[in-house]
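Here is the structure we will look at, set down as structure tokens.
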Amino acid sequence: MKQENEIISTKKYKALIIDDSEMNREILKGILSDEMDIVEIDNGEDACDYMMNHASELNIVILDLVMPGMNGFEVLKFMKYKHMMESLPVIMISADNDEHNIERAFDLGVIDFVFRPFSERIVLRRVLTTINLFKRQRDLIATIDTQYKVDDGRTDDLTGLDYKQTFFNKVYTHLKSNPNDRLLMIAIDIDHFKLFNNYYGWERGDRYLKKIARLMREFIQMNGGMAGYLGGDDFALLCPNKREELRKFYGRVIKSGQLAEYQVGFSPKIGIYEIDDNMESVGSIYDHAVIALDDTKGDYTKNVSWYNKSMYQDVKDEYELLVDVQRGIRDGEFTFFIQPKVNMLDGRIVGGEALVRWIHKDKGMVSPGVFIPALEQNGFISNIDQIVWDNVAAWQKDWIESGHEALPISVNVSRADIFTMDVTGFFLGLIEKYDLPKHLLEIEITESAYVEEDTKVSSEIGKLRDAGFKVLMDDFGSGYSSLNSLKDMEIDVLKIDMKFLKMDFSNLNKGVSILESIVNMARAMQIPTIVEGVEEQEQVNYLTGMGCNYAQGFFFYRPMPREEFAKLVENEDNVDHEGIHISRLDPVHVREFLDENLYSDVVVNNILGPTAFYEVEDDEICLVRMNEQYCKLTGLAYHPEQIAEQDAKGENYIITLEGVHPDDRGTFRKLIEDAYDDPLNGASAHIRFRVKSGDYKDYRMRLFFLRNRHNTRIYYASIMSTEDF
Ligand code: C2E
Ligand code: MG
Ligand code: MG
């Protein structure tokens, strides 16, 4: 740590620069030092330490996003957690203007961004403006606060509730003058409220807020307590611990978000803290309610959460894990195991997957399940991944140098890596550093990384493939993507994970038919597949039976130290250098995609995305089967009675063209012909469907011809909205 403020300065401001690059610090110092004192720190950990003691002396923090150890996001999280952001503005520095990173940084409270290379005048101006604006804003808040203190009881016009400061003051007074009252602090906010506003407009948003405020006022009128509106979509309530009344209250609050047309995604969330010491500061009391509130986030089934100590512990644990991981990295405790991938027909090894292992000095071997999820959350995973990838490349190089023919080894790339570093650039760097052929390093990206409309991940995959790397989609079947998105997802190999297919005894058949449909569909799209998690002979039998020949699983090999792997593949009899490719289209196995099992709701709803089956006979196009998502997207959801009626009559179909835009009906018919002509790839086109409002909405429809039945042709259809939500 380097500090340059030993002598007493006359300068007006003091800035903290946190950046691991000395050159960057020098440049920034050059730009800013005429105007302010500079404290330089080259890593996140020391910076946090420093701020704990000196935050109040600082006027601004200039923070680098990408640093080894604690990165910029982690520093921000820490500052937020310690409530430093309220009094200390942060400007972030970054080399690229990645929108996700910027958005995330703003969400964490960053005031502004500057991009390298720096423009001297712009940096100086931004820093000074930020300091001034921040100061003015604080002065303003201070005056408003004092006004409120004088004019106590001032309330927010919209909600009719006390503003934050008034509310906090009242809570303070109440708690201190009634030290023995046992009370609750409740924090309420609305999930994705910004999105709600975008979607339904501010006016509806305001009404929603008012409704919650009204319920809160009613509650305190009946039961005592006080309510505050903290701005945005944040509410707080101090009230007695009357469980029954409370249950009714939050039932009503939650219901207010569930008007038929509002989606579950906009539900109010409630965090409750039972105050056990009225002398605790109001800020900290409210924080505890917010920690409970955070516990409900991202879980659609959970609206209410009571604070418990373990929640605080979780936050603390995460921090301690981070510190321990950094130590582990420094002490070289991270290494990788290799699990062989085999061709099941002869058991020979076609390649391997590198899996990180932490050989902890006290705990022994720690498996990735324990530390990866937490590290993915804060982007820290990329430090470890870079080590693993580098080690794998170095090992491959050694193997070749010692006179062997190497097999491709795949490594895992997290979604977080893609957002925090230049993944393709890094791999190209490894290829150069170790002078390796590119096919020896394969890249696995897990299915959950391919969330819809995520252009960042798909563009990185495109970059990797353009650069000559093979990309495998990991964990397919875990539920995020749908088969029809495969077509647009340029990948080389599909990895299906058996454990996601839930093949227990009770629904083994269902699992098998899902698996089979995935395998068939992938084959139709010319994507090779490998099945992961194969543990039993029986599984091997039915996999090979359906023409799926590659597997990775305990039945063959467990992940093993690299030396053990080396011993195995040293014997060329154990090795198959052909790699994973599409199985020969064996006519016995090319079953129709559709059998009765495939009509099962599980398949249709969970695996395929919005899908339907059409039957076409001459001029007549009938929708014979569709799932709920399809129904919703095409607007058919709005006359479910009709569907029910037809179902009851056993008719079981609807003439489809009714809901299609008149101008698109020709396109639709052409699509049917095109799909018939190209059964392997199917055909796609834009089709407008009528939705509830009577308007038409544009969808991309993809159609596959499946088979002839009597005089009709059966088609499989999938659709995707082309408009942003
Ligand atoms: P994954 O990439 O899907 O790796 C396969 C996981 O399944 C491995 O767990 C492997 O040991 C396990 N597995 C393989 N065959 C079987 C089987 O027959 N039965 C069962 N029950 N399990 C089997 P592991 O090594 O614990 O890794 C877990 C996950 O952690 C990986 O799932 C991957 O997502 C992540 N991971 C592992 N290494 C790395 C890494 O270096 N970087 C990143 N970012 N993630 C990694
Ligand atoms: Mg993997
Ligand atoms: Mg996997």
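All ligand and atom numbering here is 1-based and tracks the order in the structure.
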- Query: Could you go step by step and tell me if D390 and K433 meet the salt bridge (Lys or Arg N to Asp or Glu O under 4.0 Å) rule?
  - Reply: CA-CA 9 Å; D390 189 286; K433 178 171 168 195; 2.7 Å; yes
- Query: Going through the distances and angles, do K463 and E460 end up as a salt bridge (Lys or Arg N to Asp or Glu O under 4.0 Å)?
  - Reply: CA-CA 5 Å; K463 266 165 67 187; E460 194 65 43; 3.7 Å; yes
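If you check the side chains of Q537 and N541, you find a donor sitting under 3.5 Å from an acceptor. In this structure, a donor-acceptor pair under 3.5 Å is present between the side chains of E353 and N412. Defined by atom type and a distance below 3.5 Å, a donor-acceptor pair is missing between the side-chain atoms of D19 and S21. A donor and an acceptor atom, one from each side chain of K269 and S305, are nowhere located under 3.5 Å apart. No side-chain N or O of H360 forms a donor-acceptor pair with one of E333 less than 3.5 Å apart.
Near Q339, with a cut-off below 4.0 Å to any heavy atom, the atoms of ligand 1 are 10 (C), 14 (C), 15 (N). Per-residue contacts place E535 under 4.0 angstrom from the following atoms of ligand 1 (heavy atoms of the residue considered): 17 (C), 18 (O), 19 (N), 20 (C), 21 (N). The ligand atoms of ligand 1 that sit less than 4.0 angstrom from a heavy atom of P559 are 11 (O). In the vicinity of E532, heavy-atom distances shorter than 4.0 Å reach the ligand 1 atoms 1 (P), 3 (O), 4 (O), 5 (C). Short contacts between ligand 1 and D475, defined as distances under 4.0 Å to a heavy atom of the residue, involve ligand atoms 3 (O). In summary, the atoms of ligand 1 found under 4.0 Å from a heavy atom of E353, numbered by their order in the structure, are 1 (P), 2 (O), 4 (O). Using a 4.0 Å cut-off to heavy atoms of V534, the atoms of ligand 1 that qualify are 18 (O). If you number the atoms of ligand 1 from 1 as listed, the ones under 4.0 Å from a heavy atom of D385 come out as 40 (C), 41 (O), 42 (N), 43 (C), 44 (N).
Among the atoms of E444, no N, O or S atom falls under 2.8 Å of the Mg ion (ligand 3). Note on D475: counted as a metal contact of the Mg ion (ligand 3), an N/O/S atom lying under 2.8 Å. At a threshold of 2.8 Å, the Mg ion (ligand 2) has no backbone or side-chain N, O or S atom of S410 nearer than that distance. For the Mg ion (ligand 2), the set of nearby N, O or S atoms under 2.8 Å includes one belonging to D474.
At distances below 3.5 Å, at least one donor-acceptor pair connects side-chain atoms of Q396 with backbone N or O atoms of L440. Put simply, the side chain of E432 never gets that close to the backbone of G429: no donor and acceptor are under 3.5 Å apart. A donor-acceptor contact shorter than 3.5 Å links the side chain of E45 to the backbone of M70. No donor-acceptor distance shorter than 3.5 angstrom exists from the side chain of D46 to the backbone of N43, with no hydrogens or angles considered. Within the 3.5 Å criterion, the main-chain N or O of M311 finds a donor-acceptor partner in the side chain of N308.
Note that atom 32 (O) of ligand 1 has no protein non-hydrogen atoms nearby, at separations under 4.0 angstrom. Distance screen at 4.0 Å: atom 16 (C) of ligand 1 has a protein heavy-atom neighbour inside the cut-off. Taking a distance limit of 4.0 Å, we find that atom 9 (O) of ligand 1 is approached by no protein heavy atom.
Geometrically, R357 does not engage F336 in a cation-pi contact, judged by NZ or CZ lying under 6.0 Å from the ring centre and within 45° of the ring axis. A cation-pi arrangement is present between R104 and F73 under the rule of less than 6.0 angstrom and at most 45 degrees off the ring axis.
Taking the N/O/S atoms of E532 in turn, the shortest distance to the Mg ion (ligand 3) belongs to OE1.
For E353 atom OE2 and N412 atom OD1, the angle they make at the Mg ion (ligand 2) is roughly 90°, to 10 degrees.
When non-hydrogen atoms are compared, ligand 1 lies under 4.0 Å from the side chain of D474 (C-beta onward) but not from its backbone. Here I372 has side-chain heavy atoms under 4.0 Å from ligand 1, and that is the only part of it that gets that close. When non-hydrogen atoms are compared, ligand 1 lies under 4.0 Å from the side chain of I381 (C-beta onward) but not from its backbone. By the criterion of a heavy-atom distance under 4.0 Å, both the backbone and the side chain of V356 are placed next to ligand 1. Counting heavy atoms under 4.0 Å from ligand 1, residue K495 does not touch it at all.
With hydrogens left out, the protein atom closest to atom 27 (O) of ligand 1 is P368 CG, 3.4 Å, a heavy atom. In this structure, atom 13 (N) of ligand 1 lies nearest to the protein heavy atom F554 CE2, 3.6 Å.
Heavy atoms from other residues, nucleotides or ligands lying under 6.0 Å from CZ of R327 number more than 12.
Comparing heavy-atom distances from atom 37 (C) of ligand 1 across V531, I384, L355 singles out L355 as nearest.
At least one heavy atom of R357 sits less than 4.0 Å from an atom of ligand 1. Heavy atoms of G533 approach ligand 1 to within less than 4.0 angstrom.
For F334 and F371, the gap between ring centers is short of 6.0 Å. With ring centers used as reference points, F556 lies 6.0 Å or more from F554.
Considering backbone and side-chain N/O atoms, N412 comes within less than 3.5 Å of an N/O atom of ligand 1. In terms of polar-atom proximity, G369 is not counted as a contact of ligand 1, lacking any N or O under 3.5 Å from an N or O of the ligand. Residue contacts with ligand 1: S414 is placed with a nitrogen or oxygen under 3.5 Å of a nitrogen or oxygen of the ligand (distance criterion only).
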